[in-house]
Amino acid sequence: MQDLVQRTWSPRCRWHVGDVAWGRYAIPGAAAGFRTALWSDGDQVLGWGWAEVPGFLSWAVDPTRPDVATEVVAWFESVAECTERTTTVLQPEAHLVDALAAAGYSPDRAAPYFVHHHRALDDVEEPQLPDGFRLRHVEPGQSAARAAVHRAGWSDFGSRVSAESYAEVMAAWPYRPDLDWVVETDDGEWVASALGWLDDHNAVGLIEPVGCAPAYRRLGLARAANLAVLQAFRDAGAASALVGPRGDEAYPVPARLYRSIGFAPGARTVTYRRTG
Ligand SMILES: CC(C)(COP(=O)(O)OP(=O)(O)OC[C@H]1O[C@@H](n2cnc3c(N)ncnc32)[C@H](O)[C@@H]1OP(=O)(O)O)[C@@H](O)C(=O)NCCC(=O)NCCS
């Protein structure tokens, strides 16, 4: 799956190698609901479908092979277990949009959406922290503490990320502890985090996910953790960075954070739906 994503990546693609790894491993037990199929020509993967039953499709297809997109949708229709099926694509992925339209899917204009944001890395500002906090990157073996700070940051939503599932994330390619940053208090408590993923072939880093514990918000901690990841990306050879916050007005705060550190909006996602 990641081979295809890396081989065909551009700012017009929904997936980066990092969010494939995060999506596959972060949620304990989620894999029991995954159905996955690959289309290939020899050693080269041309497309994949990743259904989360009962009815959500993630997918990627080589843009030069729209015929494979048609096959992925047909496969998804055969494995979905409900009458309402949904999928999300990035708006410029015309080969996916065409296959969805041909199969009777319609855009859901009311659904929440995400906007990819990009920035160059040649001039990354120094992270600043209030007194009493410091930045550090994660070390191998620290999955329990790392999962705990993720859960604290995402407590508004009830995250299920566990020490065990975070250990799987850490074991997945292309995870690197030097791209996984946290903010620590003087007491040694981890209170904010930002995880970076480097696609070294395309020299682009993805930040996914980011969080700050509610009691420590609005102190600049998430901004500092993100800047630390951006500096680590640059030091590791990346030329640009990507992050994908919500774009709809129902959840505007993360996009404000990223725009405050130099990210600019690019393409948005669109949810497609078919009922019946
Ligand atoms: C989004 C989140 C990470 C921000 O963490 P934070 O440490 O409070 O953010 P910072 O203090 O570094 O804020 C940096 C900038 O982001 C913007 N921002 C952050 N929180 C904001 C809010 N509640 N309202 C408006 N703007 C906000 C501001 O521009 C802020 O700069 P300023 O304080 O100088 O005005 C935090 O709210 C969180 O963990 N939310 C739940 C998880 C989540 O949504 N993660 C991001 C998913 S992509």
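FYI, side chains are in, hydrogens and waters are out, and symmetry mates aren't considered; it's all heavy atoms of this structure. Order of listing sets the numbers, starting from 1, for every ligand and every atom in it.
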Note: ligand 1 atoms sitting under 4.0 Å from heavy atoms of Leu219 are 11 (O)
Which of the atoms of ligand 1 are close to Val210, meaning less than 4.0 Å from one of its heavy atoms?
3 (C), 42 (C), 43 (C), 45 (N), 46 (C)
Distance-only N or O hit between ligand 1 and [X], under 3.5 Å:
{"X": "Gly211", "result": "no"}
{"X": "Tyr251", "result": "yes"}
{"X": "Cys212", "result": "yes"}
{"X": "Arg223", "result": "yes"}

Looking only at protein heavy atoms, identify the closest one to [atom] and say how far it is in Å.
{"atom": "atom 36 (C) of ligand 1", "result": "Arg217 NE, 3.5 Å"}
{"atom": "atom 13 (O) of ligand 1", "result": "Leu257 CD1, 4.1 Å"}
{"atom": "atom 11 (O) of ligand 1", "result": "Gly220 N, 2.8 Å"}
{"atom": "atom 48 (S) of ligand 1", "result": "Tyr258 OH, 3.3 Å"}
{"atom": "atom 25 (C) of ligand 1", "result": "Arg256 NH1, 3.5 Å"}

Test item: Asn202 side-chain N/O and Gln6 main-chain N/O as donor-acceptor pair under 3.5 Å:
yes
Considering only heavy atoms from C-beta outward, does the side chain of [X] approach that of [Y] to under 4.5 Å?
{"X": "Leu38", "Y": "Trp50", "answer": "no"}
{"X": "Leu135", "Y": "Pro127", "answer": "yes"}
{"X": "Val53", "Y": "Arg35", "answer": "yes"}
{"X": "Ile27", "Y": "Val161", "answer": "yes"}

For His117, check side chain to side chain donor-acceptor pair (under 3.5 Å) against everything at least two apart and list the hits.
Arg259
What part of Phe114, side chain from CB on, backbone N/CA/C/O, both or neither, has a heavy atom under 4.0 Å from ligand 1?
neither
Check each of [options] against [atom] and report the one with the nearest heavy atom.
{"atom": "atom 30 (C) of ligand 1", "options": "Arg246, Glu208, His150, Arg218", "answer": "Arg218"}
{"atom": "atom 19 (C) of ligand 1", "options": "Asn226, Leu221, Val253, Val243", "answer": "Val253"}
{"atom": "atom 4 (C) of ligand 1", "options": "Ala222, Ser159, Ala194", "answer": "Ala222"}

Please state whether the rings of Tyr175 and Trp197 are parallel, tilted or perpendicular, taking 30° and 60° as the class boundaries.
perpendicular
Distance to the ring centre below 6.0 angstrom and angle to the axis at most 45 degrees; does that hold for Arg160 and Trp154?
no
Any cation-pi pair here, Arg246 with Tyr251, using under 6.0 Å and within 45°?
no
Membership question, hydrophobic clusters at under 4.5 Å side-chain separation (ILVMFWY): are Leu4 and Val17 in the same one?
yes
What about the rings of His150 and Trp22, do their centers lie closer together than 6.0 Å?
yes
Looking at ligand 1, is there an atom of it that comes within less than 4.0 Å of some heavy atom belonging to Ala192?
no
Any atom of ligand 1 sitting under 4.0 Å from a heavy atom of Gly153?
yes
